[in-house]
Amino acid sequence: MTDYRLKYVDLLKDILSEASSFSSIKNDIDDKNKAFFNMLFMTTFRQLTFIKEEILPLFVKKKISKKQDILQYVLYLGIVELLFLDTPSYAIINSYVEIAKTKTDKFGANFVNAVLRNVARQKDKLLNNRKSKYFSKEFLKILRQDYSAQEIKDMEEFVNIEPMLDLTFKPSVKPKFTDYIKLDFDTIRLSSNIKVTELDGFGDGDFWVQDASSSMAVKCLSDDLTNKNVLDLCAAPGGKTAQLLSRGAKVNAIDISQDRIDILKKNIKRLNLEKNLNIECIDALCYEANDKFDIILVDAPCSATGTFRRHPEILHTKTIGDVKKMSQIQEKILDKATSLLKNNGIIIYATCSLSKAEGEVQIRKFLNKYKDFNIKEINIAGTSLMKTKEGFLRILPQHLKDFSGTDGFFVACLQRKN
Ligand SMILES: C[S@@+](CC[C@H](N)C(=O)[O-])C[C@H]1O[C@@H](n2cnc3c(N)ncnc32)[C@H](O)[C@@H]1O
(Lines give C-alpha, C1' and ligand atoms only; values in the text may rest on other atoms or scores of the structure.)
Protein backbone atom coordinates (compact mmCIF):
# COMPACT_ATOMS: atom_id res chain seq x y z
CA MET A 1 0.00 0.00 0.00
CA THR A 2 2.83 2.42 0.86
CA ASP A 3 4.66 1.80 -2.43
CA TYR A 4 2.28 3.37 -4.87
CA ARG A 5 1.29 6.12 -2.43
CA LEU A 6 5.00 7.00 -2.16
CA LYS A 7 4.97 7.59 -5.91
CA TYR A 8 1.66 9.49 -5.72
CA VAL A 9 3.16 12.03 -3.30
CA ASP A 10 5.80 12.92 -5.91
CA LEU A 11 3.20 13.02 -8.67
CA LEU A 12 1.01 15.38 -6.66
CA LYS A 13 3.96 17.70 -6.15
CA ASP A 14 4.74 17.58 -9.89
CA ILE A 15 1.15 18.45 -10.83
CA LEU A 16 0.74 21.27 -8.33
CA SER A 17 4.09 22.78 -9.29
CA GLU A 18 3.17 22.32 -12.98
CA ALA A 19 6.20 20.13 -13.67
CA SER A 20 3.77 17.62 -15.26
CA SER A 21 0.14 17.68 -16.27
CA PHE A 22 -2.51 15.64 -14.49
CA SER A 23 -3.84 14.32 -17.84
CA SER A 24 -0.49 12.90 -18.94
CA ILE A 25 0.26 11.40 -15.52
CA LYS A 26 -3.19 9.78 -15.43
CA ASN A 27 -2.47 7.97 -18.68
CA ASP A 28 0.67 6.43 -17.19
CA ILE A 29 -1.08 4.88 -14.17
CA ASP A 30 -1.66 1.15 -14.64
CA ASP A 31 -5.23 -0.02 -15.10
CA LYS A 32 -5.34 -1.81 -11.74
CA ASN A 33 -4.76 1.44 -9.78
CA LYS A 34 -6.40 3.94 -12.12
CA ALA A 35 -9.81 4.20 -10.44
CA PHE A 36 -8.31 4.77 -6.97
CA PHE A 37 -5.67 7.19 -8.31
CA ASN A 38 -8.34 9.22 -10.07
CA MET A 39 -10.60 9.38 -7.05
CA LEU A 40 -7.71 10.30 -4.72
CA PHE A 41 -6.36 13.06 -6.95
CA MET A 42 -9.69 14.54 -8.08
CA THR A 43 -10.81 14.68 -4.43
CA THR A 44 -7.50 16.25 -3.41
CA PHE A 45 -7.81 19.03 -6.01
CA ARG A 46 -11.43 19.66 -5.06
CA GLN A 47 -10.73 19.74 -1.32
CA LEU A 48 -7.30 21.39 -1.28
CA THR A 49 -8.55 24.89 -0.47
CA PHE A 50 -10.40 23.54 2.58
CA ILE A 51 -7.33 21.58 3.69
CA LYS A 52 -4.91 24.47 3.21
CA GLU A 53 -7.08 27.23 4.62
CA GLU A 54 -8.91 25.49 7.46
CA ILE A 55 -7.32 22.21 8.48
CA LEU A 56 -3.59 22.72 8.31
CA PRO A 57 -3.59 26.06 10.18
CA LEU A 58 -5.20 24.22 13.14
CA PHE A 59 -2.45 21.62 13.45
CA VAL A 60 0.66 23.05 11.77
CA LYS A 61 1.88 26.02 13.71
CA LYS A 62 5.33 26.43 12.13
CA LYS A 63 5.92 26.85 8.39
CA ILE A 64 7.23 23.62 6.81
CA SER A 65 10.84 24.25 5.73
CA LYS A 66 11.71 24.31 2.04
CA LYS A 67 13.95 21.27 2.51
CA GLN A 68 11.03 19.26 3.85
CA ASP A 69 8.33 20.71 1.60
CA ILE A 70 7.41 17.22 0.37
CA LEU A 71 5.71 16.75 3.75
CA GLN A 72 2.90 19.09 2.76
CA TYR A 73 2.01 16.77 -0.15
CA VAL A 74 2.14 13.78 2.20
CA LEU A 75 -0.33 15.61 4.44
CA TYR A 76 -2.66 16.60 1.59
CA LEU A 77 -3.09 12.99 0.45
CA GLY A 78 -3.26 11.63 3.99
CA ILE A 79 -5.94 14.12 5.01
CA VAL A 80 -8.00 13.46 1.88
CA GLU A 81 -7.97 9.75 2.60
CA LEU A 82 -8.89 10.29 6.24
CA LEU A 83 -11.71 12.76 5.63
CA PHE A 84 -13.15 11.88 2.26
CA LEU A 85 -12.26 8.30 1.28
CA ASP A 86 -13.23 5.24 3.23
CA THR A 87 -9.80 3.80 4.03
CA PRO A 88 -9.44 2.68 7.69
CA SER A 89 -7.63 5.45 9.53
CA TYR A 90 -4.87 3.42 11.26
CA ALA A 91 -3.84 1.96 7.87
CA ILE A 92 -3.69 5.39 6.21
CA ILE A 93 -1.77 7.01 9.04
CA ASN A 94 0.84 4.23 9.12
CA SER A 95 1.24 4.37 5.41
CA TYR A 96 1.81 8.14 5.23
CA VAL A 97 4.08 8.10 8.27
CA GLU A 98 6.27 5.51 6.48
CA ILE A 99 6.32 7.70 3.39
CA ALA A 100 7.34 10.74 5.45
CA LYS A 101 10.18 8.71 7.01
CA THR A 102 11.41 7.59 3.58
CA LYS A 103 11.20 11.09 2.13
CA THR A 104 12.66 13.00 5.09
CA ASP A 105 13.63 11.69 8.54
CA LYS A 106 12.13 10.51 11.84
CA PHE A 107 11.19 14.08 12.79
CA GLY A 108 9.22 14.41 9.55
CA ALA A 109 7.55 11.08 10.29
CA ASN A 110 6.60 12.18 13.84
CA PHE A 111 5.20 15.43 12.50
CA VAL A 112 2.99 13.68 9.91
CA ASN A 113 1.90 11.17 12.55
CA ALA A 114 0.83 13.94 14.95
CA VAL A 115 -1.11 15.93 12.33
CA LEU A 116 -2.90 12.92 10.85
CA ARG A 117 -3.86 11.55 14.29
CA ASN A 118 -5.38 14.89 15.22
CA VAL A 119 -7.29 15.05 11.96
CA ALA A 120 -8.59 11.49 12.42
CA ARG A 121 -9.70 12.25 15.99
CA GLN A 122 -11.56 15.42 15.00
CA LYS A 123 -12.92 14.24 11.66
CA ASP A 124 -16.61 14.96 12.31
CA LYS A 125 -15.98 18.33 13.91
CA LEU A 126 -13.72 19.44 11.07
CA LEU A 127 -16.25 18.46 8.44
CA ASN A 128 -19.22 19.93 10.31
CA ASN A 129 -17.48 23.28 10.91
CA ARG A 130 -16.34 23.66 7.35
CA LYS A 131 -16.60 27.26 6.09
CA SER A 132 -14.46 27.49 2.98
CA LYS A 133 -15.56 26.38 -0.45
CA TYR A 134 -13.38 25.19 -3.28
CA PHE A 135 -11.82 28.10 -5.15
CA SER A 136 -8.26 28.98 -4.13
CA LYS A 137 -7.27 32.58 -3.38
CA GLU A 138 -5.50 32.95 -6.72
CA PHE A 139 -8.43 31.46 -8.64
CA LEU A 140 -10.77 33.91 -6.90
CA LYS A 141 -8.42 36.74 -7.84
CA ILE A 142 -8.72 35.72 -11.50
CA LEU A 143 -12.53 35.53 -11.36
CA ARG A 144 -13.00 38.76 -9.40
CA GLN A 145 -11.52 40.68 -12.31
CA ASP A 146 -14.68 39.88 -14.30
CA TYR A 147 -17.50 38.51 -12.14
CA SER A 148 -19.71 39.52 -9.23
CA ALA A 149 -19.61 37.71 -5.87
CA GLN A 150 -22.92 36.00 -6.71
CA GLU A 151 -21.73 34.81 -10.12
CA ILE A 152 -18.58 33.38 -8.54
CA LYS A 153 -20.61 31.68 -5.81
CA ASP A 154 -22.85 30.12 -8.44
CA MET A 155 -19.83 28.83 -10.37
CA GLU A 156 -18.28 27.37 -7.25
CA GLU A 157 -21.29 25.10 -6.72
CA PHE A 158 -20.11 23.05 -9.68
CA VAL A 159 -16.65 22.09 -8.39
CA ASN A 160 -18.00 19.13 -6.50
CA ILE A 161 -20.63 18.00 -9.00
CA GLU A 162 -19.41 15.20 -11.21
CA PRO A 163 -19.61 16.47 -14.82
CA MET A 164 -21.81 14.34 -17.06
CA LEU A 165 -20.61 12.71 -20.27
CA ASP A 166 -21.41 14.85 -23.33
CA LEU A 167 -21.44 13.47 -26.86
CA THR A 168 -21.69 15.14 -30.25
CA PHE A 169 -23.27 13.00 -32.95
CA LYS A 170 -22.70 13.23 -36.68
CA PRO A 171 -25.59 15.30 -38.11
CA SER A 172 -27.42 12.40 -39.77
CA VAL A 173 -26.93 9.84 -36.99
CA LYS A 174 -29.29 9.04 -34.09
CA PRO A 175 -28.23 7.36 -30.81
CA LYS A 176 -28.52 3.57 -30.85
CA PHE A 177 -28.86 3.54 -27.05
CA THR A 178 -31.41 4.92 -24.57
CA ASP A 179 -31.21 6.68 -21.17
CA TYR A 180 -29.80 10.00 -22.26
CA ILE A 181 -30.79 13.66 -22.16
CA LYS A 182 -30.89 15.56 -25.44
CA LEU A 183 -30.05 19.21 -24.83
CA ASP A 184 -31.70 21.93 -26.99
CA PHE A 185 -28.53 22.34 -29.04
CA ASP A 186 -28.33 18.60 -29.85
CA THR A 187 -25.67 17.54 -27.34
CA ILE A 188 -26.41 14.07 -25.99
CA ARG A 189 -25.78 13.94 -22.24
CA LEU A 190 -25.26 10.73 -20.24
CA SER A 191 -24.32 9.76 -16.71
CA SER A 192 -20.60 10.20 -15.98
CA ASN A 193 -20.05 6.56 -15.00
CA ILE A 194 -20.81 5.25 -18.47
CA LYS A 195 -17.83 3.87 -20.37
CA VAL A 196 -17.89 5.66 -23.70
CA THR A 197 -16.09 2.89 -25.60
CA GLU A 198 -18.82 0.45 -24.59
CA LEU A 199 -21.68 2.55 -25.99
CA ASP A 200 -23.46 1.18 -29.03
CA GLY A 201 -22.23 3.15 -32.06
CA PHE A 202 -18.74 3.97 -30.70
CA GLY A 203 -17.05 1.48 -33.01
CA ASP A 204 -19.12 2.73 -35.96
CA GLY A 205 -17.89 6.27 -35.36
CA ASP A 206 -21.37 7.68 -34.70
CA PHE A 207 -20.22 10.23 -32.09
CA TRP A 208 -17.35 11.71 -30.11
CA VAL A 209 -16.92 13.09 -26.59
CA GLN A 210 -17.26 16.88 -26.48
CA ASP A 211 -18.47 19.11 -23.67
CA ALA A 212 -21.71 20.92 -24.58
CA SER A 213 -19.98 24.33 -24.32
CA SER A 214 -17.14 23.32 -26.54
CA SER A 215 -19.53 22.19 -29.27
CA MET A 216 -20.92 25.74 -29.61
CA ALA A 217 -17.95 27.14 -31.54
CA VAL A 218 -18.84 25.19 -34.69
CA LYS A 219 -22.60 25.19 -34.03
CA CYS A 220 -22.56 28.98 -34.37
CA LEU A 221 -21.88 28.48 -38.10
CA SER A 222 -25.48 28.25 -39.23
CA ASP A 223 -24.89 28.16 -43.02
CA ASP A 224 -24.30 25.04 -45.11
CA LEU A 225 -20.61 24.10 -44.78
CA THR A 226 -20.48 21.72 -47.76
CA ASN A 227 -17.17 22.22 -49.61
CA LYS A 228 -16.30 25.34 -47.61
CA ASN A 229 -12.54 25.70 -47.17
CA VAL A 230 -11.90 25.82 -43.46
CA LEU A 231 -8.64 26.36 -41.59
CA ASP A 232 -8.66 24.90 -38.08
CA LEU A 233 -5.65 26.67 -36.58
CA CYS A 234 -5.48 24.94 -33.18
CA ALA A 235 -7.14 21.68 -34.07
CA ALA A 236 -6.05 18.86 -31.78
CA PRO A 237 -7.48 16.60 -30.42
CA GLY A 238 -10.04 17.29 -33.12
CA GLY A 239 -13.52 17.63 -31.59
CA LYS A 240 -14.28 20.70 -33.66
CA THR A 241 -12.48 19.34 -36.73
CA ALA A 242 -14.88 16.40 -36.58
CA GLN A 243 -17.89 18.75 -36.36
CA LEU A 244 -16.66 20.65 -39.45
CA LEU A 245 -15.92 17.52 -41.47
CA SER A 246 -19.22 15.87 -40.59
CA ARG A 247 -20.99 18.93 -42.02
CA GLY A 248 -19.18 18.58 -45.34
CA ALA A 249 -16.39 21.16 -44.97
CA LYS A 250 -12.89 20.71 -46.41
CA VAL A 251 -10.57 21.20 -43.48
CA ASN A 252 -6.89 22.04 -43.06
CA ALA A 253 -6.24 21.09 -39.46
CA ILE A 254 -3.02 22.29 -37.89
CA ASP A 255 -1.61 22.10 -34.39
CA ILE A 256 1.77 22.79 -32.81
CA SER A 257 1.82 19.52 -30.84
CA GLN A 258 2.68 16.26 -32.62
CA ASP A 259 1.39 14.18 -29.69
CA ARG A 260 -1.97 15.87 -29.89
CA ILE A 261 -2.03 15.59 -33.71
CA ASP A 262 -1.55 11.83 -33.27
CA ILE A 263 -4.65 11.74 -31.06
CA LEU A 264 -6.57 13.83 -33.62
CA LYS A 265 -5.63 11.36 -36.38
CA LYS A 266 -6.80 8.42 -34.30
CA ASN A 267 -10.09 10.15 -33.44
CA ILE A 268 -10.85 11.17 -37.02
CA LYS A 269 -10.01 7.66 -38.27
CA ARG A 270 -12.49 6.08 -35.83
CA LEU A 271 -15.11 8.54 -37.04
CA ASN A 272 -14.35 7.70 -40.66
CA LEU A 273 -14.08 11.40 -41.51
CA GLU A 274 -10.61 11.44 -43.11
CA LYS A 275 -11.80 12.25 -46.64
CA ASN A 276 -11.68 16.05 -46.78
CA LEU A 277 -8.92 16.56 -44.26
CA ASN A 278 -5.32 17.80 -44.46
CA ILE A 279 -3.28 17.69 -41.28
CA GLU A 280 -0.07 19.54 -40.51
CA CYS A 281 1.97 19.86 -37.34
CA ILE A 282 3.14 23.46 -37.34
CA ASP A 283 3.02 26.63 -35.23
CA ALA A 284 -0.01 28.61 -36.40
CA LEU A 285 2.16 31.71 -36.52
CA CYS A 286 4.36 30.10 -39.20
CA TYR A 287 1.56 28.64 -41.30
CA GLU A 288 1.29 29.79 -44.94
CA ALA A 289 -1.16 28.75 -47.66
CA ASN A 290 -1.58 29.51 -51.37
CA ASP A 291 -5.31 30.14 -51.14
CA LYS A 292 -7.26 32.04 -48.54
CA PHE A 293 -9.98 30.39 -46.47
CA ASP A 294 -13.75 30.85 -46.21
CA ILE A 295 -13.73 30.13 -42.48
CA ILE A 296 -10.94 30.08 -39.89
CA LEU A 297 -11.46 28.51 -36.50
CA VAL A 298 -9.21 29.85 -33.74
CA ASP A 299 -9.91 27.54 -30.80
CA ALA A 300 -7.06 29.20 -29.04
CA PRO A 301 -4.71 27.90 -26.35
CA CYS A 302 -5.85 29.54 -23.11
CA SER A 303 -5.68 29.41 -19.32
CA ALA A 304 -8.50 26.78 -19.48
CA THR A 305 -10.08 28.07 -16.27
CA GLY A 306 -13.52 27.16 -17.65
CA THR A 307 -12.67 23.47 -17.41
CA PHE A 308 -12.27 23.42 -13.61
CA ARG A 309 -15.05 20.80 -13.20
CA ARG A 310 -13.17 18.14 -15.17
CA HIS A 311 -9.69 19.49 -14.31
CA PRO A 312 -9.90 20.73 -10.71
CA GLU A 313 -6.08 20.93 -10.49
CA ILE A 314 -6.55 24.19 -12.42
CA LEU A 315 -8.01 25.71 -9.25
CA HIS A 316 -4.51 25.55 -7.74
CA THR A 317 -2.19 26.08 -10.70
CA LYS A 318 -3.52 28.96 -12.80
CA THR A 319 -2.49 32.53 -12.09
CA ILE A 320 -3.33 35.98 -13.36
CA GLY A 321 0.08 35.82 -15.06
CA ASP A 322 -1.11 32.80 -17.10
CA VAL A 323 -4.17 34.71 -18.26
CA LYS A 324 -1.99 37.59 -19.42
CA LYS A 325 0.51 35.31 -21.14
CA MET A 326 -2.18 33.36 -22.98
CA SER A 327 -4.02 36.48 -24.10
CA GLN A 328 -0.82 37.70 -25.79
CA ILE A 329 -0.49 34.40 -27.69
CA GLN A 330 -4.17 34.51 -28.67
CA GLU A 331 -3.76 38.02 -30.06
CA LYS A 332 -0.90 36.87 -32.29
CA ILE A 333 -2.87 33.87 -33.58
CA LEU A 334 -5.84 36.13 -34.34
CA ASP A 335 -3.53 38.52 -36.25
CA LYS A 336 -2.27 35.57 -38.26
CA ALA A 337 -5.83 34.40 -38.99
CA THR A 338 -6.71 37.75 -40.59
CA SER A 339 -3.91 37.28 -43.12
CA LEU A 340 -5.28 33.90 -44.22
CA LEU A 341 -8.98 34.82 -44.55
CA LYS A 342 -10.97 35.65 -47.70
CA ASN A 343 -13.12 38.75 -48.07
CA ASN A 344 -16.49 38.05 -46.51
CA GLY A 345 -14.86 35.16 -44.64
CA ILE A 346 -15.55 34.24 -41.02
CA ILE A 347 -13.25 33.85 -38.03
CA ILE A 348 -14.63 31.86 -35.14
CA TYR A 349 -12.69 32.65 -31.98
CA ALA A 350 -13.20 30.39 -28.96
CA THR A 351 -11.55 29.75 -25.61
CA CYS A 352 -12.39 27.60 -22.60
CA SER A 353 -11.30 30.42 -20.29
CA LEU A 354 -13.58 32.26 -17.88
CA SER A 355 -11.40 35.37 -18.12
CA LYS A 356 -12.75 38.16 -20.26
CA ALA A 357 -9.16 39.14 -21.12
CA GLU A 358 -9.15 35.94 -23.18
CA GLY A 359 -12.69 36.52 -24.49
CA GLU A 360 -14.72 39.72 -24.68
CA VAL A 361 -11.75 42.07 -24.09
CA GLN A 362 -9.59 40.24 -26.61
CA ILE A 363 -12.27 40.58 -29.29
CA ARG A 364 -13.03 44.23 -28.55
CA LYS A 365 -9.32 44.90 -29.02
CA PHE A 366 -9.41 42.91 -32.28
CA LEU A 367 -12.36 44.93 -33.62
CA ASN A 368 -10.59 48.17 -32.79
CA LYS A 369 -7.56 47.04 -34.72
CA TYR A 370 -9.36 45.46 -37.70
CA LYS A 371 -12.05 47.84 -38.83
CA ASP A 372 -12.96 45.54 -41.75
CA PHE A 373 -14.57 43.00 -39.35
CA ASN A 374 -18.07 42.89 -37.85
CA ILE A 375 -19.53 40.75 -35.12
CA LYS A 376 -21.88 38.14 -36.57
CA GLU A 377 -24.58 37.47 -34.03
CA ILE A 378 -24.74 33.91 -32.74
CA ASN A 379 -28.14 32.24 -32.76
CA ILE A 380 -28.20 28.71 -31.41
CA ALA A 381 -31.36 27.18 -29.92
CA GLY A 382 -31.29 27.01 -26.12
CA THR A 383 -28.47 29.54 -25.61
CA SER A 384 -30.37 32.75 -24.78
CA LEU A 385 -28.87 32.89 -21.25
CA MET A 386 -25.38 32.63 -22.71
CA LYS A 387 -25.67 35.43 -25.26
CA THR A 388 -24.01 38.75 -24.48
CA LYS A 389 -25.34 42.13 -25.58
CA GLU A 390 -22.55 42.34 -28.14
CA GLY A 391 -23.59 39.06 -29.76
CA PHE A 392 -20.95 36.72 -28.28
CA LEU A 393 -21.53 33.54 -26.29
CA ARG A 394 -20.21 33.73 -22.71
CA ILE A 395 -21.01 30.34 -21.20
CA LEU A 396 -20.83 29.78 -17.43
CA PRO A 397 -21.30 26.43 -15.62
CA GLN A 398 -24.57 27.68 -14.05
CA HIS A 399 -26.14 28.30 -17.46
CA LEU A 400 -26.96 24.60 -17.55
CA LYS A 401 -27.67 24.29 -13.84
CA ASP A 402 -30.77 22.16 -14.36
CA PHE A 403 -28.65 19.64 -16.25
CA SER A 404 -25.69 19.50 -13.80
CA GLY A 405 -23.65 22.31 -15.39
CA THR A 406 -21.26 22.80 -18.25
CA ASP A 407 -17.74 24.11 -18.87
CA GLY A 408 -17.01 27.83 -18.97
CA PHE A 409 -16.48 28.94 -22.56
CA PHE A 410 -16.40 31.96 -24.89
CA VAL A 411 -17.25 32.17 -28.60
CA ALA A 412 -17.18 35.09 -31.01
CA CYS A 413 -18.12 34.93 -34.67
CA LEU A 414 -16.38 37.64 -36.74
CA GLN A 415 -17.09 38.37 -40.37
CA ARG A 416 -14.82 40.31 -42.71
CA LYS A 417 -16.67 42.93 -44.74
CA ASN A 418 -16.53 42.67 -48.50
C1 LIG B 1 -8.14 24.38 -26.94
S2 LIG B 1 -7.06 23.28 -27.66
C3 LIG B 1 -7.85 22.89 -29.17
C4 LIG B 1 -8.98 21.91 -29.05
C5 LIG B 1 -9.51 21.46 -30.39
N6 LIG B 1 -9.86 22.55 -31.25
C7 LIG B 1 -10.72 20.54 -30.24
O8 LIG B 1 -11.84 20.98 -30.42
O9 LIG B 1 -10.52 19.36 -29.96
C10 LIG B 1 -5.78 24.33 -28.20
C11 LIG B 1 -4.75 23.67 -29.10
O12 LIG B 1 -3.87 24.69 -29.56
C13 LIG B 1 -2.61 24.10 -29.80
N14 LIG B 1 -1.66 25.20 -29.91
C15 LIG B 1 -1.09 25.95 -28.94
N16 LIG B 1 -0.29 26.88 -29.46
C17 LIG B 1 -0.35 26.74 -30.82
C18 LIG B 1 0.25 27.40 -31.91
N19 LIG B 1 1.09 28.42 -31.72
N20 LIG B 1 -0.03 26.96 -33.15
C21 LIG B 1 -0.87 25.92 -33.36
N22 LIG B 1 -1.46 25.26 -32.36
C23 LIG B 1 -1.22 25.67 -31.10
C24 LIG B 1 -2.44 23.17 -28.61
O25 LIG B 1 -1.51 22.16 -28.91
C26 LIG B 1 -3.86 22.64 -28.42
O27 LIG B 1 -4.00 21.41 -29.07
Side-chain angles (χ1 to χ4, degrees), residues 1-123 126-127 134 136 159-160 162 259 310-318:
M1 169 153 115
T2 305
D3 263 6
Y4 60 84
R5 284 188 169 91
L6 185 73
K7 184 171 136 203
Y8 291 176
V9 169
D10 289 327
L11 295 181
L12 182 65
K13 182 177 175 185
D14 286 351
I15 295 165
L16 291 176
S17 57
E18 289 198 281
S20 319
S21 80
F22 181 41
S23 317
S24 63
I25 284 179
K26 220 166 27 181
N27 288 338
D28 292 342
I29 301 291
D30 54 55
D31 285 347
K32 195 170 84 216
N33 293 321
K34 226 178 202 120
F36 175 73
F37 173 83
N38 245 330
M39 187 169 57
L40 178 63
F41 274 59
M42 290 294 276
T43 313
T44 302
F45 300 134
R46 286 173 176 151
Q47 303 299 344
L48 198 55
T49 301
F50 171 51
I51 294 172
K52 276 182 167 177
E53 290 180 14
E54 286 193 57
I55 299 197
L56 291 181
L58 291 175
F59 307 117
V60 181
K61 296 297 174 198
K62 253 180 40 199
K63 202 168 179 282
I64 296 172
S65 72
K66 238 194 167 134
K67 218 172 108 210
Q68 297 212 316
D69 85 320
I70 194 73
L71 292 177
Q72 60 183 303
Y73 303 95
V74 176
L75 288 175
Y76 297 158
L77 292 184
I79 292 172
V80 165
E81 287 212 55
L82 283 172
L83 295 188
F84 301 103
L85 310 185
D86 284 332
T87 333
S89 58
Y90 61 87
I92 305 168
I93 295 175
N94 288 345
S95 183
Y96 286 102
V97 167
E98 277 307 304
I99 292 169
K101 201 189 273 172
T102 311
K103 293 278 179 199
T104 59
D105 50 30
K106 74 171 194 291
F107 299 105
N110 288 343
F111 164 71
V112 165
N113 186 39
V115 175
L116 293 186
R117 279 186 193 284
N118 271 318
V119 171
R121 251 194 310 270
Q122 300 185 36
K123 176 174 176 172
L126 293 169
L127 292 173
Y134 307 100
S136 65
V159 176
N160 218 15
E162 205 50 51
D259 286 353
R310 295 178 204 280
H311 303 283
E313 72 277 13
I314 278 172
L315 302 174
H316 311 284
T317 55
K318 295 298 168 186

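Just the heavy atoms: all of them, side chains too, but no hydrogens, waters or symmetry mates, feed the values below.
You'll find the ring centres of Y4 and Y8 inside the 6.0 Å limit.
A donor-acceptor pair under 3.5 Å is absent between the side-chain atoms of R46 and the main chain of Y134, judged by distance alone.
Two residues are said to be in side-chain contact when any heavy atoms from C-beta on lie closer than 4.5 Å; L85 and T43 meet this criterion. With a 4.5 Å cut-off on side-chain heavy atoms, L6 and K103 count as touching. Counting heavy atoms from C-beta outward, T104 and F111 have side chains that stay 4.5 Å or more apart. Counting heavy atoms from C-beta on, the side chains of F45 and H311 never come closer than 4.5 Å. Side-chain contact between I15 and F41: present, with at least one pair of heavy atoms (C-beta onward) separated by less than 4.5 Å. In this structure, the side chains of I99 and R5 come closer than 4.5 Å at one or more pairs of heavy atoms. Taking 4.5 Å as the limit, some side-chain heavy atom of L58 sits within range of a side-chain heavy atom of L126. At a threshold of 4.5 Å between non-hydrogen side-chain atoms, the residues Q68 and F107 do not count as touching.
Y73 contributes atom OH, which lies 12.5 Å from atom CG of L11 (distance to the nearest 0.5 angstrom). The structure places CG of L56 at 10.5 Å from NZ of K61, a figure rounded to the nearest 0.5 Å. Separation of atoms CD (E18) and NE2 (H316) is listed at 12.0 Å; rounding is to 0.5 Å. The OG1 atom of T49 sits 11.5 Å away from the CD1 atom of I55 when rounded to the nearest 0.5 Å. Note that CD of Q122 is 11.0 Å distant from CG of L127, once rounded to the nearest 0.5 Å. Separating the CD1 atom in I51 from the CD1 atom in I79 is a distance of 5.5 Å, to the nearest 0.5 Å.
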Checking L48 against L315 for the side-chain contact (heavy atoms from CB on, under 4.5 Å) test, could you report, in this order, the C-alpha distance in whole Å, the side-chain angles of both residues, the deciding distance, and whether it holds? CA-CA 9 Å; L48 198 55; L315 302 174; over 6 Å; no
Please evaluate residues L16 and Y76 with respect to the criterion side-chain contact (heavy atoms from CB on, under 4.5 Å), reporting the C-alpha separation (whole Å), side-chain torsions for both, the decisive distance (0.1 Å), and the verdict. CA-CA 11 Å; L16 291 176; Y76 297 158; 4.3 Å; yes
Starting from the C-alpha separation in whole Å, work towards a yes-or-no answer on side-chain contact (heavy atoms from CB on, under 4.5 Å) for F84 and L40. CA-CA 9 Å; F84 301 103; L40 178 63; over 6 Å; no
Assess the residue pair K13 and D69 against the criterion (side-chain contact (heavy atoms from CB on, under 4.5 Å)); give the C-alpha distance rounded to whole Å, side-chain angles, the decisive distance to 0.1 Å, and a yes or no. CA-CA 9 Å; K13 182 177 175 185; D69 85 320; 3.4 Å; yes
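Contact record, G78 with I92: O-CG2, 4.0 Å, taken as the closest heavy-atom pair. The shortest heavy-atom contact between I25 and S20 is CD1-CB, 3.6 Å. Taking both residues in full, the closest heavy atoms of L116 and Y96 are given as CD1-CB, 3.7 Å, listed atom of the first, atom of the second, then distance. Of all heavy-atom pairs between L82 and S89, the closest is CD2-CB, 3.5 Å. Closest approach of N27 to K34, counting heavy atoms only: O-NZ, 3.7 Å. G108 and L71 get closest at one heavy-atom pair: CA-CD1, 3.9 Å.
Applying the 6.0 Å contact sphere to NZ of K26 captures more than 12 heavy atoms from other residues, nucleotides or ligands.
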